[in-house]
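A short write-up of the structure that comes next.
Please read all numbers here as calculations on a predicted model, not as lab measurements. Sequence lines set the chain letters: A, B, ... in the order given, protein chains first and strands last, and positions in each chain run from 1.
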Amino acid sequence: MVAEKSGKYEESELYRIRHSAAHVMAQAVMEMFPGEAKIAIGPPIEDGFYYDFDLPRPLTPEDLEVIEGRMREIIAGDHQYQREVLSADEAREFFADQPYKIELIEGLEEGGTDEYGESIEGPVEISVFTHDTFTDLCRGPHVEDTSNINPDAVRLLNVAGAYWRGDEQRPMLQRIYGTAWNTADELEQYLWRLEEARRRDHRRLGRELDLYSVSEGVGPGLILWHPKGGMVRKIVEDYCRAEHLEAGYEFVYSPHIGKANLWEKSGHLDWYQEGMFAPLEIEGQQYYLKPMNCPFHVEIYKSRTRSYRDLPLRYAEWGTVYRYERSGVLHGLLRVRGFTQDDAHHFCRPDQMPEEIDMALQFSLDILRAFGFENFYAYLSTRNPEKFAGTPEEWEAPTEALRASLERAKLPYQIDEGQAVFYGPKIDLKLKDSLNREWQLSTIQFDFILPERLDMTYVGEDGKEHRPYMIHRALVGSMERFMGALIEHHAGSFPVWLSPVQAILIPIADRHIEYANKVSDQLKKAGLRIEVDERSERMNAKIRDAQLQKVPYMLIVGDREVENGAVAVRLRSGEDLGALSVSDFLNRAAEDIQSQK
RNA sequence: GCCGACGUAGCUCAAUGGCAGAGCAACCGCCUUGUAAGUGGUAGGUUACGGGUUCGACUCCCGUCGUCGGCUCCA
């Protein structure tokens with residue numbers, strides 16, 4: 001079942017409002033730079049709209065305020081949107097001083113691309129929409145009248161650079177992003193959502209919770225895990241390792257560098273060199289930092305003769321890889337230059353392939369669910385016609401095999417045309433977090449190229465040599481990116497089983513420290529991760545700090561608790577559970593940990 | 001990589017050409033505390049780095065590095 005691209009938004013009133021607001025904005029910008037503003041395109045997007053301009057100078061935040069103010073005036077003028085159909089020649093004449101529009105008109109006339117650069121079939125009718133003094137090449141739809149736009153529900157957000165037609169060889173334009181809603185209240189809610197996303201930003205929480213840092217001294221895109229973040233990561237890894245063992249994987253380890261010749265044979269230097277760090281020279285030999293683990297796992301496979309009886313083999317490794325990413329794309333934990341994949345390779349006979357794909361897919365879903373993620377979207381990436389090994393015919397069966405597995409799993413999926421890796425098609429799993437943002441984590445890749453390039457064989461029942469199939473898969477993807485997703489999904493309030501500090505003991509006065517340490521020892525023996533706040537601070541201050549660190553349980557101990565062998569339990573939700581005996585608290589904690597909530 | 005903004009104490013931010021500051025954190029005390037910040041003091045700086053203009057630069061100019069928002073890219 002292929003997920004339908006939702007046609008609903010495109011047909012909605014909000015879509016028309018945003019599209020119309022983009023036109024109003026373009027009018028305001030053209031008035032700001034009479035005769036000098038060149039307009040490109042301005043479509044509605046999720047949650048808002050943008051418009052691209054070629055202007056004589058960079059826009060400032062103050063300009064945005066002026067533009068926004070002028071937009072309100074235009075809106076208040078109650079101008080109708082009027083559609084008119086033009087011939088290509090008429091349109092060219094009308095937009096004679098707008099080179100970007102001229103280019104768009106060519107696209108419409110010849111067919112191939114529409115006014116947003118999306119591909120279309122055949123030539124289409126050329127229409128323009130006019131409101132007040134502004135006319136734009138546009139297929140619509142628009143609202144009837146600018147009075148349908150609520151001036152109190154429009155906000156310009158920021159300016160950014162954007163290449164004309166998304167092509168880095170072409171001019172860089174200035175893009176103004178804006179948002180528009182039905183009501184001021186909806187706008188407020190949207191702005192609140194943006195603010196909430198900022199509060200949850202893993203880069204901010206990473207610092208506040210002392211999870212990780214990136215040091216200028218070390219280098220961009222290279223992550224330093226601090227003890228707290230390291231603890232969370234270790235728990236994630238330990239859990240995954242145990243699950244892998246149970247699922248029939250074996251663990252391997254491989255080095256960080258390998259000879260140039262290895263990467264030549266694997267095809268990485270042909271297909272992927274621009275993503276690799278420059279080679280190191282050692283005793284006249286070139287070595288490369290590994291961008292992937294697969295060639296090493298293949299070498300392990302090839303270290304002896306394999307029988308059909310040995311298959312499938314499943315090698316798993318938390319392998320740290322290095323990939324060159326252009327400086328402008330680095331982003332916290334989500335786009336880095338060094339990261340650790342929870343990588344594994346299945347080597348199997350052709351007849352085992354469907355089962356191996358099914359297993360990898362199911363395992364992936366199980367693991368992600370364990371960490372609190374529920375909403376998955378699958379993407380099937382097909383052959384990139386510009387960048388693929390083998391022949392198009394060879395790609396057909398593997399692509400079908402992946403598709404069949406998705407059907408069996410009853411996962412809704414979309415096709416990502418041409419997004420495959422050079423060595424085969426893949427399934428990617430993306431998930432939505434608690435703020436409805438999409439994250440790509442899992443990938444399951446069919447590979448029929450490397451086994452041949454690296455000459456892998458097994459001896460079949462017939463005593464002859466056969467070529468195995470290979471699956472590359474990473475479940476959480478990269479530990480770094482997954483940690484980023486985990487931090488943001490839980491807004492830093494990790495479930496108890498993942499919290500680096502599960503409980504903090506808060507002695508009310510110095511005389512309670514001894515008892516706090518005694519309880520701490522007891523809890524540590526039971527396997528909990530505990531801290532004691534021995535600072536000479538007020539209890540209130542200690543609670544505040546523990547709250548800010550998002551510690552699941554705050555255990556307050558004063559005279560009453562010492563006397564009764566108890567702890568007064570406060571949850572980070574603010575809920576006060578009152579005094580519990582140490583063993584009752586342990587039961588409560590064990591339950592919470594067990595449920596992984 | 002590209003366009004734009006930015007870089008001042010561990011963090012958040014002041015100082016716009018004339019003595020580099022505050023709050024929090026840290027450290028040393030005092031207070032001994034009952035569910036989100038008790039209180040006094042001390043220390044902390046090559047203002048990212050390198051050059052230039054100037055009597056004088058955190059401030060103006062150039063370059064480099066880095067961060068942020070996008071674009072492009074993303075095995």
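In this structure, A:Y515 places its OH atom 18 Å from C1' of B:U33, rounding to the nearest Å. Summarising the geometry, the separation between CG on A:D576 and P on B:U35 is reported as 9 Å, rounded to the nearest angstrom. Whole-Å rounding puts the A:L334 CG to B:C73 C1' distance at 16 Å. The nearest whole Å value for the distance from the NE2 atom in A:H512 to the P atom in B:U35 is 14 Å. One atom, CG of A:D559, and another, C1' of B:U33, lie 10 Å apart when rounded to the nearest Å. In this structure, A:F53 places its CZ atom 17 Å from P of B:G4, rounding to the nearest Å. One can place CZ of A:R544 at 14 Å from C1' of B:U35, the figure rounded to the nearest angstrom. As rounded to whole Å, 18 Å separates atom P of B:U33 from atom CD of A:E534.
When all heavy atoms of A:W192 and A:R199 are compared, the pair lying nearest together is NE1-NH2, 3.6 Å. The shortest heavy-atom contact between A:G424 and A:F448 is CA-CE2, 4.2 Å. Contact record, A:R337 with A:F277: O-CE1, 3.8 Å, taken as the closest heavy-atom pair. Here the closest non-hydrogen pair linking A:G48 and A:R18 is O-CD, 3.4 Å. The nearest pair of heavy atoms linking A:Q174 to A:L55 is NE2-CB, 3.7 Å. Taking each heavy atom of A:M71 and A:V154 in turn, the nearest pair found is CE-CG1, 3.9 Å.
Minimum atom distance to the side chain of A:I508 is reached by B:U33, of the listed B:U32, B:U33, B:G38. For A:L548, taking side-chain heavy atoms from C-beta onward, the closest of the listed nucleotides B:A36, B:U35, B:A37 is B:A36.
Distance check on atom C1': B:G51 versus B:C65 gives 15 Å, rounded to whole Å. Rounded to a whole angstrom, the distance from the P atom of B:U59 to that of B:U16 is 13 Å. When the P atom is used for both B:C6 and B:C19, the distance is 24 Å, rounded to whole Å. Using P as the reference atom, B:G10 and B:U46 are 9 Å apart when rounded to the nearest Å. B:C58 and B:A9 have their C1' atoms separated by 14 Å, given to the nearest Å. B:G52 and B:C68 have their P atoms separated by 32 Å, given to the nearest Å. Rounded to a whole angstrom, the distance from the P atom of B:G66 to that of B:C49 is 15 Å. When the C1' atom is used for both B:G40 and B:U35, the distance is 26 Å, rounded to whole Å.
No engagement by A:K542 is indicated, since no non-hydrogen atom pair under 4.0 Å with the nucleic acid exists. Among the protein residues, A:Q445 comes within range of the sugar-phosphate backbone only, with heavy atoms under 4.0 Å from sugar or phosphate atoms but none that close to a base. Within the nucleic acid shown, A:R511 comes within 4.0 Å of sugar-phosphate atoms alone, with no base atom in reach, counting heavy atoms only. Across all strands shown, A:Q549 has no heavy atoms under 4.0 Å from either base or sugar-phosphate atoms. Residue A:P291 is classed as a base contact, given a heavy-atom separation below 4.0 Å to a base.
In summary, A:R175 and A:D52 engage in a salt bridge, as defined by a charged side-chain N under 4.0 Å from a carboxylate O. Of the charged side-chain nitrogens involved, none lies within less than 4.0 Å of a carboxylate oxygen, so that A:R165 and A:D167 do not count as a salt-bridged pair. Checked for salt-bridge contact, A:K265 and A:D270 miss the test: no charged N lies under 4.0 Å from a carboxylate O.
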Working for salt bridge (Lys or Arg N to Asp or Glu O under 4.0 Å), residues A:D47 and A:R193: CA-CA 11 Å; A:D47 297 332; A:R193 225 164 76 214; 3.1 Å; yes
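Judged by distance alone with a 3.5 Å cut-off, no donor-acceptor contact links the side chain of A:R538 to the base of B:A36. Between the base of B:U35 and the side chain of A:N540 there is no donor-acceptor pair shorter than 3.5 Å. With hydrogens and angles left out, the side chain of A:R323 and the base of B:C74 share no donor-acceptor pair within 3.5 Å.
No donor-acceptor distance shorter than 3.5 angstrom exists from the side chain of A:Q286 to the backbone of A:A260, with no hydrogens or angles considered.
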Where along nucleotides 59-72 of chain B does protein come under 4.0 Å, by heavy atom, of base (B) or sugar-phosphate alone (S), with - for untouched nucleotides? -------SSSBBBB
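Map A:S536 and A:Q419 each onto its nearest nucleotide of RNA chain B; the residue landing nearer the 5' end is A:S536. Residues A:R207 and A:A568 each lie close to RNA chain B; by heavy-atom proximity, the contact nearer the 5' end of the strand is made by A:R207.
Residues forming a salt bridge (Lys or Arg N to Asp or Glu O under 4.0 Å) with A:D447 (at least two apart in sequence, or on another chain): none.
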Paired and unpaired positions of RNA chain B as dot-bracket, Watson-Crick or G-U wobble under 3.5 Å, | denoting a partner strand: (((((((..((((....[..)))).(((((.......))))).....(((((..]....))))))))))))....
